[in-house]
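All values below were derived from every heavy atom in this structure, side-chain atoms included, with hydrogens, water molecules and symmetry-related copies excluded. Quantities reported herein were computed from a predicted structural model and do not represent experimental measurements.
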Amino acid sequence: MSSTNGNTIEHDNYQTPQNAIDALLKLVELRDDDDFLEPCRGTERRIFDAVNLPDDQKYWCEIQEDRDYLASDLGKKFDVIITNPPFSLSEEFVRKMRSELKPDGTLIFLQRVNFLGSRKRIPFWGEVGFPHKAPILIPRPKFAKGGTDSCEYCWYIFDYGNRTTNIPSAFSHVVAETPKKQSKIKTPRTRKPKTPDLVTPVTIEPVIGIASQSNTSNGNPFLVLEDF
């Protein structure tokens, strides 16, 4: 789900940003015996894997893995349902999720804030009722390559089981920390040691006919020639 541009991904397969999931789950109080459902698990399983419950208490559907939620009869009701539904099918998903929620269950789904509007959705909201809570994500989530999305998003929460007491009623804000990029550690330059200049040894050849003694008769240290 992204409103950044007109291009869409097949099955609305926009992976939920991890920081948005973490910001929510740290405020949700799961119970040890909760049965959890993720109706659109996604190919990267981000929400599903982040929910800290035993595997045998976690259920899922994913149309890209041949488990179409809207066409599936799971045969039970759930304590907690959390998902990021495809925008084009959000109304159908919400209706079905509410029908599969236990009376004291908690339903949470990610959606644009402006999903609350539109004349055509007046009957829908009249049917399902407005959410108890709607914490708006700060900053806007990033679903596609590039910057953040072009509109605001929030987690829509129907909490009949008091698992979100840490979140204020009605509208509020939840800050999704953006992972900081790790600064690159500069590797000190390794300077190549200088190779000392090689001094070519000079061989002095003896000069024939020049005596090795100095002429000191007049105090001049010049060499004198011998007779040949």
Side-chain angles (χ1 to χ4, degrees), residues 1-5 7-30 34 36-53 58-64 69 78-91 93-94 97-98 101 105-117 130-159 161-182:
M1 170 179 47
S2 174
S3 66
T4 299
N5 53 53
N7 300 323
T8 58
I9 298 175
E10 187 179 7
H11 302 303
D12 279 0
N13 186 29
Y14 296 95
Q15 302 300 318
T16 311
Q18 191 64 49
N19 59 339
I21 299 169
D22 295 341
L24 170 72
L25 290 181
K26 70 181 181 182
L27 300 174
V28 177
E29 299 171 339
L30 297 172
D34 278 344
F36 165 72
L37 171 66
E38 218 300 27
C40 340
R41 187 172 69 171
T43 54
E44 296 185 19
R45 308 164 44 124
R46 293 185 183 180
I47 295 175
F48 186 85
D49 287 346
V51 170
N52 187 21
L53 286 171
K58 295 166 70 172
Y59 301 79
W60 60 275
C61 288
E62 173 51 51
I63 193 169
Q64 295 182 95
Y69 176 65
F78 300 91
D79 300 290
V80 179
I81 302 175
I82 304 175
T83 195
N84 174 8
F87 183 81
S88 59
L89 296 172
S90 288
E91 291 185 27
F93 267 78
V94 173
M97 290 188 294
R98 283 181 60 83
L101 191 68
T106 301
L107 165 62
I108 305 173
F109 64 94
L110 184 66
Q111 190 50 268
R112 301 173 189 170
V113 173
N114 63 9
F115 186 66
L116 289 166
F130 287 108
H132 303 144
K133 304 177 180 184
I136 300 167
L137 282 165
I138 304 294
R140 295 172 182 171
K142 178 180 177 181
F143 293 98
K145 291 181 180 180
T148 55
D149 207 84
S150 63
C151 68
E152 311 298 336
Y153 284 77
C154 67
W155 289 106
Y156 288 71
I157 301 174
F158 294 87
D159 187 12
N162 296 317
R163 291 176 179 82
T164 61
T165 56
N166 295 316
I167 299 174
S169 297
F171 288 100
S172 61
H173 289 118
V174 59
V175 178
E177 297 292 341
T178 304
K180 293 181 179 179
K181 290 184 179 179
Q182 187 174 1

Who pairs with Tyr59 by side chain to side chain donor-acceptor pair (under 3.5 Å), at least two apart in sequence or on another chain?
-> Lys76

Identify the heavy atoms of Ala23 and Ala176 that sit nearest to each other, and give their distance.
-> CB-CA, 3.8 Å

Hey, could you give me the CH2/CD1 distance between Trp155 and Ile108, rounded to the nearest 0.5 Å?
-> 7.5 Å

Set of side-chain contact (heavy atoms from CB on, under 4.5 Å) partners for Ser169, sequence neighbours left out = Lys133

Qualifying residues under side-chain contact (heavy atoms from CB on, under 4.5 Å), relative to Asn166, sequence neighbours excluded | Leu27, Glu29

CD/Glu152 to CD1/Ile136 distance, rounded to the nearest 0.5 angstrom?
-> 7.0 Å

Strictly by modelled atom types, are Thr16 and Glu44 linked by a side-chain donor-acceptor pair under 3.5 Å?
-> no

Side-chain donor/acceptor of Tyr156 to backbone N/O of His132, under 3.5 Å | no

Is it the case that Thr43 and Gln64 place a side-chain donor and acceptor less than 3.5 Å from each other?
-> no

Can you tell me if Glu38 uses its side chain to pair, donor with acceptor, with the backbone of Thr83 under 3.5 Å?
-> no

List for me each residue that meets side-chain contact (heavy atoms from CB on, under 4.5 Å) alongside Arg45, sequence neighbours excluded, and say none if there are none.
-> Arg41, Phe48, Asp49

Might you point out which heavy atoms bring Ile21 and Ala50 nearest each other, and give the distance in Å?
-> CG2-CB, 3.9 Å

For the atom pair CH2 (Trp60) and CG (Leu37), what is the distance rounded to the nearest 0.5 Å?
-> 11.5 Å

Taking only residues two or more places apart in sequence or in another chain, which ones pass side-chain contact (heavy atoms from CB on, under 4.5 Å) with Leu101?
-> Ile81, Leu107, Tyr160

Measure the CD1-CG distance between Ile47 and Leu24 for me, rounded to the nearest 0.5 Å.
-> 8.0 Å

Side-chain heavy-atom pair Phe87, Gln111 within 4.5 angstrom cut-off | yes

By salt bridge (charged side-chain N to carboxylate O under 4.0 Å, His left out), Asp159 pairs with (sequence neighbours left out) none

Check whether any side-chain heavy atom of Phe109 sits under 4.5 Å from a side-chain heavy atom of Ser90, and report yes or no.
-> no

